[in-house]
Amino acid sequence: MKLSEKARSISPSLTLDITANANKMRSLGIDVIGFGAGEPDFDTPDYIKKAAIEAIEKGYTKYTPTSGIIELKEAIVSKLKNDNNLSYETSQIVVSNGAKQSIYNTLCAILNPGDEVLIPSPYWLSYPEMVKLANGVPIFVETDERNNFKVTVEQLEEAISDRTKAIIINSPNNPTGAVYNETELKNIADFAVKHNIFIISDEIYEKLIYDGRHISIASFNDEIKNLTIIINGMSKAYSMTGWRIGYSASNKEIANLISNIQSHMTSNPNTIAQYASVKALSTGYDIIENMVNEFKKRRDYIVERINKINGLTCIKPQGAFYVIVNISKYIGMNISGKIINGSVDFANFVLEKAKVAVIPCLPFGNDNYIRLSYATSIKNIEEGLNRIENLLKNI
């Protein structure tokens, strides 16, 4: 029996192979240092946990409206107003099972078969696969390390076609840590208005910025706001990855479509997590500040160390908690009888020889890089980099 061609077209996660191998080694008692974490290593704050417990004790364990409880939507509206200078009504907010579902819901709401979505590269590896699942076509726009991995309007003009429906902007960016400034965002906004295309603005790392400040692209004027779908959530800023609460803010027509799609896919997001998120959004900015300060210390340390390791270079990320490392000097090299053909080979080599798990950037769109997360302790960062340095110093 022939199975789904669409499902067959979706690429498996190459990063899972590295993670599986690292976990297998750990199960055998081998000490593996991991740089793969895509989540803060801080515990969810106690005040959020207590809010969840209170919700359970009050019996808030039933279905909610598909698009989320009104208390949470009101808290999101207030957040967007206070943090981003954006005015929305609760009817324009849809709460989903994580920001990932918010993005996929959005793509399903705006795309018709064959519509193209511009994706600056390197990119979060799920973007192109979600576009394909929504019957769209991902179009990659290569960025350059010399421009801090940020796409320019000139590049977008070259990539656009009569099938272009949207562009995905992720600032701060996973995996590069790039943060778009006001001028850069304004240029992209003008481009979108000029061509009447949607902007999916993934702002999930909004609170984790070390240089500069976050600006939502929707905040410039009503025209770009109407074309923008903001994606955000609780995972990164509040260390709530497992709670699975994300949200979108868009014009009412798109919000209605997103809500309708979600009603048939998953219904409402987790009720208890929604009530906990209400509390999170109204409290705890000092906790976020403390987390950001710690990430900044780790960032500064990891960047300095990487640039001292033989054959490795990196630029300093402005946000998120990742650094991508240029390994191009090792591409094509024969090391101990093993040809390093790209980032996957390099990652496997480092895991095997140094017992350090790093993430290859082939599935992120650039095979000349690996990604290291500094969402782990300074002790682990130091030990992991020591192992990599010792492995590479004589090559």
Side-chain angles (χ1 to χ4, degrees), residues 44-45 47-84 86-111 126 130 133-134 198 200-204 206-207 216 218 225-284:
T44 303
Y47 74 93
I48 299 175
K49 295 179 185 177
K50 290 178 181 177
I53 293 169
E54 290 175 5
I56 294 172
E57 291 174 340
K58 291 178 180 178
Y60 297 159
T61 58
K62 306 297 184 181
Y63 292 131
T64 75
T66 293
S67 60
I69 59 174
I70 190 63
E71 296 93 330
L72 179 52
K73 296 170 82 170
E74 289 173 343
I76 292 168
V77 166
S78 295
K79 178 261 178 242
L80 292 168
K81 181 64 176 178
N82 296 333
D83 292 354
N84 309 110
L86 286 165
S87 296
Y88 286 94
E89 298 176 11
T90 56
S91 60
Q92 296 175 271
I93 308 299
V94 179
V95 184
S96 301
N97 294 279
K100 180 180 284 190
Q101 186 186 22
S102 297
I103 296 170
Y104 182 62
N105 284 347
T106 297
L107 291 166
C108 289
I110 68 174
L111 295 183
S126 289
M130 288 193 286
L133 281 169
F198 292 112
I200 300 172
S201 183
D202 184 351
E203 304 180 12
I204 191 67
E206 169 193 11
K207 297 294 185 182
S216 178
K225 180 185 174 188
N226 188 57
L227 289 171
T228 299
I229 303 93
I230 292 175
I231 306 294
N232 211 323
M234 310 305 296
S235 291
K236 313 302 182 181
Y238 299 94
S239 198
M240 294 176 66
T241 51
W243 298 67
R244 306 315 302 137
I245 295 293
Y247 59 85
S248 60
S250 62
N251 68 47
K252 289 183 180 181
E253 183 178 11
I254 293 175
N256 287 336
L257 292 175
I258 289 173
S259 181
N260 190 36
I261 290 166
Q262 183 165 296
S263 72
H264 295 291
M265 291 176 60
T266 59
S267 298
N268 64 276
N270 182 281
T271 301
I272 299 157
Q274 287 188 69
Y275 282 98
S277 297
V278 174
K279 186 68 173 178
L281 286 171
S282 61
T283 318

S.K.: Considering residues, nucleotides and ligands other than K100, do more than 12 of their heavy atoms fall under 6.0 Å from its NZ?
M.R.: no

S.K.: Between A75 and L281, what is the shortest heavy-atom contact and its length?
M.R.: CB-CD1, 3.9 Å

S.K.: Do T283 side-chain atoms and A280 backbone N/O form a donor-acceptor pair below 3.5 Å?
M.R.: no

S.K.: If you measure from CG on L72 to CD on Q274, what distance do you get to the nearest 0.5 Å?
M.R.: 5.5 Å

S.K.: Which pair of heavy atoms, one from S216 and one from L86, lies closest together, and at what distance?
M.R.: OG-CD1, 3.6 Å

S.K.: Rounded to the nearest 0.5 Å, what's the gap from CG on N260 to OG on S67? Could you check?
M.R.: 11.0 Å

S.K.: Is the closest side-chain heavy-atom distance between Y104 and M265 below 4.5 Å?
M.R.: yes

S.K.: When rounded to the nearest 0.5 angstrom, what is the spacing between SG in C108 and CD1 in I103?
M.R.: 12.0 Å

S.K.: Would you mind listing every salt bridge (charged side-chain N to carboxylate O under 4.0 Å, His left out) that reaches into residues 61-82, with sequence neighbours excluded?
M.R.: K79-D83, K79-E206

S.K.: Cation-pi between K207 and Y238: NZ/CZ under 6.0 Å from ring centre and within 45° of the ring axis?
M.R.: no

S.K.: A249 and I93: which non-hydrogen atoms are nearest, and at how many Å?
M.R.: CB-CD1, 3.7 Å

S.K.: Tell me if a side-chain donor or acceptor on Q92 pairs with a main-chain N or O of S250 at a distance below 3.5 Å.
M.R.: yes

S.K.: What is the distance from atom CG of L257 to atom CG of N251, rounded to the nearest 0.5 Å?
M.R.: 9.0 Å

S.K.: Indicate yes or no for a side-chain donor-acceptor contact from Q101 to the backbone of G246 under 3.5 Å, with no hydrogens or angles considered.
M.R.: no

S.K.: S235 and T241: which non-hydrogen atoms are nearest, and at how many Å?
M.R.: OG-CA, 3.6 Å

S.K.: I need the T61 OG1 to I272 CD1 distance, nearest 0.5 Å.
M.R.: 6.5 Å

S.K.: Classify the side-chain pair W243/S277 by whether it contains a donor and acceptor separated by less than 3.5 Å.
M.R.: no

S.K.: Kindly give the heavy-atom pair with the smallest separation between A273 and I245, and that separation in Å.
M.R.: CB-CG1, 3.7 Å

S.K.: Does the side chain of Y88 come within less than 4.5 Å of I230's, by heavy atoms?
M.R.: yes

S.K.: How long is the gap from OG1 on T266 to CG on N97, to the nearest 0.5 Å?
M.R.: 4.5 Å

S.K.: Are S248 and N105 side-chain neighbours, meaning at least one heavy-atom pair lies under 4.5 Å?
M.R.: no

S.K.: Does K50 NZ have over 12 foreign heavy atoms under 6.0 Å away?
M.R.: no

S.K.: Of all the heavy-atom pairs spanning K225 and A218, show the shortest one and how long it is.
M.R.: CB-O, 3.4 Å

S.K.: Are any of the side-chain heavy atoms of L80 and N232 separated by less than 4.5 Å?
M.R.: no

S.K.: Hey, does I258 have a side-chain heavy atom less than 4.5 Å from the side chain of T106?
M.R.: yes

